[in-house]
Amino acid sequence: MLEFFRKYQRFFMINVTVVIIISFCFFGTSSSMGSFEKKKDFVVGSAIDGSDLNYSEIRQLSSLMSLQKSQGIFHQSFLKTGAADLLANAYEEGLKDNWSSRLVKARAARFYSHPSSPYLDARAVWSQLVPGLLEEISALQKLEEGDPKFFPLWSRLYALQESIPPELVQRVLIYHQKQAGLPMDPRLANGDFSLFGCRTLEDWFGREFLDLTSQFILNGSALAKQQGMKVSREEARTDFNKQFGSQQRELQYLGIAEQEAVSLWQKALGFLRWFDEIGQAALVDALPYQKFAEFAQEKAIVDLYSLPQELHFSTLDDLLAFETYTRLTCKQSADALSLPSDSLPLDKVLEKAPELTATTYRVRYSKVDPSTLGASLSLTELWDWQTEEKNWTLLSKNFSPLKGGETADERFAILEKLDPTQRRSIDAWSRLQIALDRPEWIESAFLSANVEEKEISVSKDHIDGLEIQAPKEFESLLVRALVNDPEAIEALRDYREKEAFFRIEEVELVKGISILSFTEAKEKKRIPIESFLEEEYRRIRSQSPSSFKTEEGDWKPLSEVREKAIRVLFSDLFKQIDRSEFEHSWESGQGPLEFYAQHRFRELMHRALASVKNGEALQPSLWNLNTTERTIERSSQGEWMNYQAYVLQPGQWSPIHVPANGEIVFFFLKNREISSEPILDQIQFGKETLAQEAQARFADRLLEIAIQKQALVFPMRIEGEAHDDL
């Protein structure tokens with residue numbers, strides 16, 4: 001057989017060559033031309049300038065747009081400028097079926113998930129690469145058909161997914177599959193990872209909408225030509241090759257000849273350049289904006305002087321708390337406006353206001369809620385206990401509705417007639433009494449309770465940190481436990497309150513009895529303002545009996561004359577505040593009480609300003625002046641410092657500022673400097689925003705003219721052409 005082929009191989013080669021040539025001549029061209037349907041061209045309407053709108057041009061321009069990538073005509077000139085939204089709204093009724101079919105497909109979409117690991121899926125990749133994409137998908141899938149929110153959501157999803165090609169999603173999934181050691185999923189090699197299965201622009205928006213967009217471009221091109229916009233054929237050819245040079249195979253498949261394509265692109269490019277010029281005209285020269293930015297972003301560096309936060313007084317209560325605290329715990333100065341520099345001896349404070357002192361302990365404890373004890377009891381056990389005669393007697397003493405009941409059945413009947421709230425209270429009390437008779441239940445509860453370590457502050461009638469109802473007795477146990485008193489130690493191991501049972505196993509003294517700071521006393525609400533005022537009222541009312549007595553000659557209660565009593569008690573302080581360089585319309589000491597609260601430390605800050613200006617040490621006190629460096633931008637608005645920092649010159653001091661919140665401050669202007677932050681990016685962002693706004697307005701006007709002149713044909717069909725579905 002081999003010898004036969006060797007002998008006649010030349011004959012076979014000649015025949016095979018002839019057959020191949022004949023096949024290509026008769027069938028090859030026919031096959032390639034049959035890949036697209038040739039249709040006779042015809043005029044579908046007239047453009048704005050009266051020129052013909054040809055079917056082939058419209059369809060070919062739609063195809064060219066669909067071939068472009070994310071920075072193509074549709075994305076740059078229609079989606080970003082809002083022109084696409086204008087078209088969608090203008091032809092909303094006709095496009096309803098088009099959008100509905102896409103919404104149906106979006107709802108039915110099932111995204112890839114690896115069969116061996118549900119965590120390896122397309123959603124996870126999208127979420128990582130494009131934050132916000134999954135939220136947009138979820139919002140879209142919740143829409144009803146015909147919802148006007150569909151197109152804005154749909155177009156946003158198109159713009160988002162353009163940054164993640166399906167091939168990239170596929171490669172990421174394959175990589176993670178290998179890293180996780182999962183079995184190979186054949187769907188990863190052959191699946192479609194485009195969002196909703198939409199790969200081309202026509203898949204996303206449909207032929208009808210793209211044809212409408214193409215007509216809009218051709219009408220815009222006609223108008224641009226009227227306005228003198230010219231694009232040479234050579235320019236069009238160069239730009240066409242730049243845009244579609246790598247897609248010759250796709251152009252051949254679509255049946256678009258190069259000469260026709262260049263002519264069509266020449267028209268489109270005229271519109272695009274004119275459209276772009278309209279946007280570029282919105283902002284031309286960046287230099288004025290650069291200078292303005294240098295001015296607006298100038299920064300001032302200041303040293304800010306202020307009192308501690310606890311001395312920022314905005315209300316009368318703030319002032320009363322401070323004055324009460326200092327008069328009970330501090331040595332008083334002849335200068336009412338100064339800050340105290342020394343505390344009173346501890347024994348004096350204990351005598352005048354023991355609630356302003358505290359001892360700090362550290363305890364290690366566990367806690368049990370009594371209401372949880374006995375919770376495991378069955379209803380039968382509970383009813384049996386309640387209806388026993390001795391227990392019924394105990395219940396009757398604590399709950400008045402439980403009267404009578406000679407037998408267990410009668411007692412049960414009485415319980416059943418109670419309203420649910422009363423019954424729950426009786427049941428809870430009963431369970432607790434049963435548990436108290438069974439110590440092993442309490443012990444079990446403590447064994448399972450969390451052990452905590454906490455610092456507690458103990459002062460007169462108060463314990464901070466634990467819910468203790470009898471602080472005096474409890475502190476006595478703590479003191480005795482510190483010296484290893486066995487009875488106290490045992491009592492703390494089984495310390496019971498109405499709301500909680502405690503097991504305190506370790507007690508340590510952290511800080512002996514000391515005076516609470518003003519901040520601590522205020523936070524713990526230990527400052528006895530009302531009792532202090534009552535005592536002082538009894539002392540001062542004899543100074544002006546007519547103001548504080550009734551017609552019958554009895555002293556009025558403080559509640560009726562509180563403001564008047566406060567003015568008498570703090571008259572010296574108020575008068576000194578009024579004398580501190582103020583111009584006011586009221587009699588000395590008779591101004592608004594909130595005014596005195598807010599200006600309590602104004603004179604003090606004046607003295608501090610004078611001292612720091614002269615390089616002198618500040619007057620010592622229990623409170624120190626805070627100094628912080630702060631940067632103030634000129635662009636910040638609304639604050640006193642933002643104004644003063646740019647009125648003063650470097651090296652100058654500001655005046656004293658007294659705001660309504662009581663934060664009295666002054667500052668030293670160290671320097672001002674020009675911000676080094678780049679402004680060009682911000683200018684570019686503003687330019688793009690203005691450009692898109694200008695283009696959107698132009699597109700709106702162009703659409704209005706095109707509709708008036710019936711220059712947009714919708715829907716554009718020829719006889720026998722099927723409806724375009726997704």
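Not measured: the values here are computed from a predicted model.
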Do [X] and [Y] touch side chain to side chain, with heavy atoms closer than 4.5 Å?
X    : Y    : answer
S476 : E473 : no
I513 : L350 : yes
K549 : K556 : no
L339 : T326 : no
L153 : E136 : yes
D464 : R526 : yes
L533 : L569 : yes
L593 : R567 : yes

State whether E530 and R562 are salt-bridged, where the test is any N-O pair (Lys NZ or Arg NE/NH1/NH2 against Asp/Glu carboxylate O) under 4.0 Å.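 R562 and E530: salt-bridged.
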Check K367 with E467, please: is the shortest side-chain N to carboxylate O separation under 4.0 Å?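 A salt bridge links E467 with K367.
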When rounded to the nearest 0.5 angstrom, what distance separates [atom1] in [X] from [atom2] in [Y]?
X    : Y    : atom1 : atom2 : result
L346 : S514 : CG    : OG    : 7.5 Å
S546 : R541 : OG    : CZ    : 14.0 Å
D427 : W383 : CG    : CH2   : 9.0 Å
D317 : K522 : CG    : NZ    : 8.5 Å
E563 : L558 : CD    : CG    : 12.0 Å
E663 : S306 : CD    : OG    : 5.5 Å

Decide yes or no on salt bridge (charged side-chain N to carboxylate O under 4.0 Å, His left out) for D419 and R423, but give the supporting numbers first. CA-CA 6 Å; D419 67 68; R423 185 65 184 271; over 6 Å; no
Should L356 and Y325 be marked as a side chain to side chain contact (heavy atoms under 4.5 Å, CB included) after you check the CA-CA gap, both sets of side-chain angles, and the distance that decides it? CA-CA 8 Å; L356 293 177; Y325 174 84; 4.3 Å; yes
For [X], I'd like to know if atom [atom1] has over 12 heavy atoms of other residues, nucleotides or ligands within 6.0 Å.
X    : atom1 : value
E443 : CD    : yes
N450 : CG    : no
E453 : CD    : yes
R496 : CZ    : yes
E535 : CD    : no
K575 : NZ    : no

Kindly say whether [Y] contributes a backbone atom to a donor-acceptor pair with the side chain of [X] at under 3.5 angstrom?
X    : Y    : result
S396 : L402 : yes
D578 : S588 : no
S444 : W441 : no
Q141 : S138 : no
S425 : T421 : yes
S338 : D335 : yes
H114 : P183 : yes
K460 : K472 : no

Kindly indicate, with the supporting measurements, whether the criterion salt bridge (charged side-chain N to carboxylate O under 4.0 Å, His left out) is fulfilled by D342 and K331. CA-CA 6 Å; D342 291 301; K331 295 179 180 178; 5.1 Å; no
Salt bridge (Lys or Arg N to Asp or Glu O under 4.0 Å) against R493, all qualifying residues, sequence neighbours excluded: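 So R493 forms a salt bridge (Lys or Arg N to Asp or Glu O under 4.0 Å) with E505.
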Identify the two heavy atoms, one from [X] and one from [Y], that lie closest to each other, and give their separation to 0.1 Å.
X    : Y    : value
E310 : F518 : O-CE2, 3.4 Å
L573 : A336 : CD1-O, 3.6 Å
S113 : D121 : CA-CB, 3.8 Å
A122 : L173 : N-CD2, 4.3 Å
L140 : A106 : CD2-CB, 3.8 Å
A488 : L477 : CB-O, 3.7 Å

In terms of the angle between their ring planes, are Y495 and F502 parallel, tilted or perpendicular, with boundaries placed at 30° and 60°?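 If you compare the ring of Y495 with that of F502, the planes turn out tilted.
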Checking D485 now: which residues fulfil side-chain hydrogen bond (donor to acceptor under 3.5 Å, both in side chains) with it, not counting sequence neighbours?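 So D485 forms a side-chain hydrogen bond (donor to acceptor under 3.5 Å, both in side chains) with R480.
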Before giving the answer on salt bridge (charged side-chain N to carboxylate O under 4.0 Å, His left out), spell out for E506 and R362 the whole-Å C-alpha distance, their side-chain angles and the decisive distance to 0.1 Å. CA-CA 8 Å; E506 295 179 15; R362 183 180 292 110; over 6 Å; no
Candidate pair F570 and E323, rule side chain to side chain contact (heavy atoms under 4.5 Å, CB included), full reasoning: CA-CA 9 Å; F570 300 110; E323 295 300 330; 3.6 Å; yes
Check for me whether the distance between the ring centres of W623 and F322 falls short of 6.0 Å.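 Ring-ring flag for W623/F322: true, centres closer than 6.0 Å.
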Answer with yes or no after comparing the ring centroid distance for F595 and F574 against a 6.0 Å cut-off, counting only values under it.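 Judged by ring-centre distance (under 6.0 Å), F595 and F574 do not meet the cut-off.
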Dump the intermediate steps for ring-ring contact (aromatic ring centres under 6.0 Å, His included) on Y305 and F667, then the final yes or no. CA-CA 6 Å; Y305 294 80; F667 66 82; 9.6 Å; no
Does the side chain of T315 pick up a donor-acceptor pair with the side chain of D318 at under 3.5 Å?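 A donor-acceptor contact under 3.5 Å links the two side chains.
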For F446, is the NZ or CZ atom of R503 found under 6.0 angstrom from the centre of its six-membered ring and inside 45 degrees of the ring axis?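 Yes.
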Report yes or no: is the cationic atom of R600 (NZ for Lys, CZ for Arg) closer than 6.0 Å to the six-membered ring centre of F313, at no more than 45° off its axis?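 Ring-cation test returns no.
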Test salt bridge (charged side-chain N to carboxylate O under 4.0 Å, His left out) on R539 and E536 and set out the steps. CA-CA 5 Å; R539 181 179 63 82; E536 291 298 307; 2.4 Å; yes
Side chain to side chain contact (heavy atoms under 4.5 Å, CB included), that's the test. Do F666 and M605 meet it? Break it down for me. CA-CA 8 Å; F666 63 87; M605 292 296 279; 3.7 Å; yes
Test side chain to side chain contact (heavy atoms under 4.5 Å, CB included) applied to H312 and N661, step by step: CA-CA 7 Å; H312 296 174; N661 66 358; 6.0 Å; no
